[in-house]
Amino acid sequence: MLEKTFDPKSAEPRLYAAWEASGGFSPIDDPAAEPFSIVIPPPNVTGQLHIGHALNNTLQDVLIRFERMRGKAALWLPGTDHAGIATQMVVERQLAEAGNQSRRDMGRDDFVAKVWEWKAKSGGAIVNQLKRMGASCDWSRERFTLDEGLSAAVRKVFVNLYQQKLIYRDKRLVNWDPHFQTAISDLEVEAREVDGHYWHFAYPLEDGSGEIVVATTRPETMLGDTAVAVHPSDQRDKAMVGKAVRLPIVGRPIPIIADEYPDPEKGSGAVKITPAHDFNDFQVGKRHSLPMINIFDDFAKLNDNVPVAYRGLDRFAARKKVVEEFEALGLLREIEKTRHTVPHGDRSGVVVEPYLTDQWYVNAEVLAKPAIKAIEDGSTVFVPKAWEKTYFEWMRNIQPWCISRQLWWGHRIPAWFGPDGKIFVAETEAEAKNQARELYGRDEPLRQDEDVLDTWFSSALWPFSTLGWPENTEDLRRFYPTHTLVTGFDIIFFWVARMMMQGIHFMDGQVPFKRIFINALVRDAEGKKMSKSKGNVMDPLELVDDYGADALRFTLTAMSGQARDIKLSRQRIEGYRNFGTKLWNATRFCQVNGCERAAGFNPATVKNPLNRWIVGETTRAARAITTALDGCGFDEAAGGLYRFIWNQFCDWYVELAKPLLNGSDPAAKAETQATAAWVLDVMCKLLHPVMPFLTEELWGQTADLGVPRDHKGFLMMAPWPDLPPSLIDPAADAEIGLIVETISEGRSVRQELNVPASAKPALLVVETTPAQRAIIEASAPLIAQLLRVSEITFTDTAPDGSIPFVVEGATFALPVAEFIDLTAERARLTRDVGGLTGEIAKLSGKLGNADFVARAPEEVVEENRERLAEAEGAKAKLESALKRLEAAG
RNA sequence: GGACGCGUAGCUCAGCGGGAGAGCACCUCGUUGACAUCGAGGGGGUCACAGGUUCGAUCCCUGUCGCGUCCA
């Protein structure tokens, strides 16, 4: 017999190992099977599984298990990302903590070797954590963005795009992260609002005729000023245009120019221009051919282009010194407090500097066009659809993508420089040398670009590089385009958009995936984003330890509704753990009661109404869940499972089946046992994608009950239920519906009037239709048991002091006068009559409205008429009962 | 500043043109066993506010207020 509860701790590792060993995670070989593929959003190889991963991967696993059971060749392709900055950062920090040499002291080769070492040590962790969640990835196909095959793909893409002039080298301002000493892309810059100041500086005119005041939030940049600009329409300063000011501290004369950029309404109307350190000023500088004076080094310390006293100073120290010096010179006019946004590196958290360097860029605008079209024409769809707006918004305004990073951990850029600075881009060094030899006419020493590529450059290739591209592999032919991408909205720009661009460009216009499901963001119970600094992170593995993977999976699935963020609480997980236990125990009950699979059982031919009803309900549930999963309606699927298994099967079917299982009709008993066994098998299948462990365990433990199943192996591989609507029997629905309602109403009356649970009055059936009477007669023992009444009696009039209730127009009464409190009963009847009166007023008002009757659809009008009639009937019955009660009391 | 989303029971959320729902929390009761990780019953909501469209609005439109996110 089954244990009292499911034990995830022992079952999960055992079942996972068995699944994996069975080879069932790999797509089936059948060439006729429709392919269904998902590529995992690769987690950082050295990362730890957080709750967002848990959600994202649960949903993917639900989909892949569902489609696998539907008979498709289901491939969930896993892998990890080398995560350039993040990983390099971790290793550098570790070196520092261990008191080791710094990266720079160590040198590139040794450092990279260290990172590989760290990857080898910690790289398996996240994979094992995914396994603990039950992720049925095909581990035999696992990839890593820096493995040999993917690196080859990266080189090929780079070279091709370069040849197509879609990758180019350019000197322009980039976002420079002084902490990592690398360029970062626009997306990696986070605008943070901070308190700051406007310092108003006076720049004296060179001819001594006065001064011009400029305001800045970054005083240190004045050391690199090469002009002062005023708006051409600005009357105050018009006379000054063409003159020059002498830049204080530096002593350099710089021109006053007229340009559209300054806002004449703001401050003095004049702005200082630092073309090498401000994106707007850079444009002004270009328009006016101003010198661009770079005043920083890679660490954002001041370089030799500034006066001696400033050289080597940190930018913030320099800021202070500049302000002090202006004050000392008597040129500080005003200090104004302000709140403004300042760009910060998303990884480093330090203030990012616009910095003039040579970098590699992708001409994203060209690649974006077909990627936009693919969404417009529906080749790829977003679920929920609303996210396409976000996608379009960004894609239609896309900027050149800076892809070079001054890091060591990543794909080294396949470009070599000749002695004269000439660039040779090739997939191999040998090829670059050939190109050089051709150009120079002899071998010249080449120097490979020191930089590596943005991590997202390689992740952009993930949907095809992992399938073997650039080789024309069988996997690539079979599984590209992938079917569904499941990911978070926070990386629509970073990743999704770029996969669309690269996928379409390199795969002959074929999109990388047909559907993009954007999952919600997980937050804590207070709705705050989980973060280590807030100390509110929930460790999914801890939750798995405490409640089992299935409970966590069900919770995440149930809460994955699309419009909102998920606020996760332990209480909720506990509730779904209980749900699993409920099914477990229902199975246990069935087992104890001899519910076994019967030879030749056919759900279409069961006789007993209860069994016909549950077959119908099972069919409805199966169809609803299938539809939901098919459309990524994960929360709907979970809700459907919950209601079906708990509220229908456990609460009603099992309870109503008890008399049959203990009864004297052997045919009904046998049929009920067989039906229950059949429903249990279907439930296991339907629940399996969400709760794979518990269901697989139940499947295994009930394998020997009755005749063997058609499907012999793991539940994981069992065929998904395909139940025709013909299994739904409206007559059985009506019959069980009346019984359920009668029991519910009767219970309600008992409890509200405080009839002791131990009391067993009779149930009087006062007035019914013949059909209702037949149903009640046939199910009398059943109703009697569940309503805890001694017998069911048909009578024409309810005796004095009996308590009436109305179900579907039928009148019942409970003769429980001796137990009850007249006041409570009067209150109950008065309340119910009041409720009905309100409903009647509403309905008759509606039906009295000629417009409503004329314009509303026929069935709506009819439905309202029926409701009115029923309410009026019920009200009359309860009113007469109330009158009798008044007379008696 | 621009865009999007959200304001429904104490909490978390579903519903999104025709009878206000679920889970949790709360209150009452609990019978000789599938399950106390449980069962039965109950209380609790002018569906943010103001207009409009409609025979009819929680649902559609407009505006206001509040909250959130993304982009500048």
Side-chain angles (χ1 to χ4, degrees), chain A residues 1-2 4-6 186-187 189-191 279 341 343 384 386-390 392-394 397 489-490 492-493 521 523 525-529 547-548 551 555 558-559 561-593 595 633 635-636 638-639 642-643 646-647 650-651 654-655 657-658 661 743-760 785-788 828 838-839 842-843 845-857 859-861 863-864 866-868 870-871:
Chain A
M1 194 173 72
L2 289 174
K4 265 193 127 175
T5 56
F6 173 59
D186 297 342
L187 286 177
V189 176
E190 207 175 278
F279 286 100
T341 54
W387 288 109
E388 70 178 34
K389 281 188 192 160
T390 308
F392 285 142
E393 186 62 26
W394 189 70
N397 297 295
F489 61 79
D490 50 333
I492 289 179
F493 304 149
L521 190 69
R523 296 169 184 270
E526 268 73 55
K528 297 199 184 74
K529 196 166 170 173
Y547 304 104
T555 308
M559 298 180 79
Q562 303 168 344
R564 292 162 197 261
D565 302 328
I566 294 178
K567 298 188 178 90
L568 193 63
S569 73
R570 281 184 163 261
Q571 214 175 26
R572 190 88 186 229
I573 305 168
E574 206 176 303
Y576 290 124
R577 188 266 323 266
N578 297 352
F579 167 68
T581 306
K582 187 76 184 174
L583 173 62
W584 182 270
N585 273 294
T587 307
R588 191 160 171 269
F589 167 83
C590 291
Q591 188 183 18
V592 169
N593 283 278
C595 299
D635 51 338
E636 252 178 276
Y642 189 94
R643 285 189 300 274
W646 198 319
N647 303 125
C650 294
D651 287 351
V654 168
E655 292 307 315
K658 280 176 181 172
L661 292 168
I743 293 168
S744 295
E745 265 308 304
R747 279 172 173 170
S748 175
V749 169
R750 285 185 68 127
Q751 295 236 14
E752 273 191 69
L753 299 179
N754 298 317
V755 176
S758 54
K760 293 191 88 174
Q785 179 167 337
L786 291 184
L787 198 44
R788 298 207 47 79
R828 181 188 77 96
E839 202 183 330
K842 207 168 147 189
L843 288 167
K846 217 182 216 183
L847 288 162
N849 181 343
D851 276 334
F852 171 72
V853 179
R855 296 184 188 231
E859 61 271 23
V860 173
V861 176
E863 193 192 325
N864 277 274
E866 279 165 19
R867 285 214 305 267
L868 179 60
E870 192 173 326

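Keep in mind that what you see is a predicted model, and the values were worked out from it rather than measured. Values below: all heavy atoms of this structure, side chains included; hydrogens, waters and symmetry mates excluded. Each chain gets a letter, A, B and so on, in the order its sequence line appears, and its residues count up from 1.
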Exercise. Select from W394(A) and R747(A) the residue whose nearest nucleotide in RNA chain B is closer to the 5' end of that strand.
Key: R747(A)
Quiz item: In terms of the nearest nucleotide of RNA chain B, which residue is placed more toward the 5' end: D651(A) or A586(A)?
Solution: A586(A)
Quiz item: Any chance CD of E388(A) has more than 12 other-residue heavy atoms, nucleotides or ligands included, within less than 6.0 Å?
Solution: yes
[X] vs [N]: side-chain N/O to OP1/OP2 distance below 4.0 Å:
X: K842(A); N: G18(B); answer: no
X: N593(A); N: A34(B); answer: no
X: T390(A); N: A3(B); answer: no

Which atom pairs, one a donor and one an acceptor, fall under 3.5 Å between side chains of residues 573-582 of chain A and the rest of the protein, sequence neighbours left out?
| from | atom 1 | to | atom 2 | distance (Å) |
| --- | --- | --- | --- | --- |
| Y576(A) | OH | R572(A) | NH2 | 3.2 |
| T581(A) | OG1 | R577(A) | O | 3.2 |

Whole-Å distance between [N] [atom2] and [X] [atom1]?
X: I743(A); N: G39(B); atom1: CD1; atom2: P; answer: 16 Å
X: E388(A); N: A3(B); atom1: CD; atom2: C1'; answer: 15 Å
X: F852(A); N: G17(B); atom1: CZ; atom2: P; answer: 17 Å
X: F493(A); N: U69(B); atom1: CZ; atom2: C1'; answer: 11 Å
X: L786(A); N: G41(B); atom1: CG; atom2: C1'; answer: 15 Å
X: L2(A); N: A34(B); atom1: CG; atom2: C1'; answer: 10 Å
X: Q591(A); N: A34(B); atom1: CD; atom2: P; answer: 14 Å
X: E393(A); N: G2(B); atom1: CD; atom2: C1'; answer: 8 Å

Once you apply a heavy-atom cut-off of 4.0 Å, does [X] come out as touching a base, just sugar-phosphate, or nothing?
X: T5(A); result: base
X: R577(A); result: base
X: K760(A); result: nothing
X: V592(A); result: nothing
X: C650(A); result: base
X: P857(A); result: base
X: E655(A); result: base

The side chain of [X] is closest to which nucleotide in this list: [options]?
X: K389(A); options: G5(B), G42(B), G39(B); result: G5(B)
X: T341(A); options: A34(B), U69(B), A72(B); result: A72(B)
X: K658(A); options: U31(B), U37(B), A34(B); result: A34(B)
X: K4(A); options: G39(B), G19(B), A36(B); result: A36(B)
X: R867(A); options: C55(B), G41(B), G19(B); result: G19(B)
X: Q751(A); options: A34(B), G18(B), G41(B); result: G41(B)

Practice problem: Only counting residues at least two apart or in another chain, list the ones meeting side-chain hydrogen bond (donor to acceptor under 3.5 Å, both in side chains) with N585(A). | Solution: none
Quiz item: Under 4.5 Å between any side-chain heavy atoms of V860(A) and F852(A), yes or no?
Solution: yes
Atom pairs under 3.5 Å, N or O on each side, protein against nucleotides 23-27 of chain B: can you list them with distances?
| from | atom 1 | to | atom 2 | distance (Å) |
| --- | --- | --- | --- | --- |
| C24(B) | O2' | Q571(A) | OE1 | 2.7 |
| C24(B) | O2' | Q571(A) | NE2 | 3.1 |

Quiz item: What stems, by residue range, does RNA chain B take part in, given at least 3 consecutive Watson-Crick or G-U pairs under 3.5 Å?
Solution: B:1-7 with B:65-71, B:10-13 with B:21-24, B:26-30 with B:38-42, B:48-52 with B:60-64
Exercise. Look up atom CG in N864(A) and atom NZ in K846(A), then write down how far apart they are to the nearest 0.5 Å.
Key: 4.5 Å
Quiz prompt | Residues in side-chain contact (heavy atoms from CB on, under 4.5 Å) contact with E863(A), at least two apart in sequence or another chain | solution = R867(A)
Quiz prompt | Partner residues of N397(A) under the side-chain contact (heavy atoms from CB on, under 4.5 Å) criterion, sequence neighbours left out | solution = E393(A)
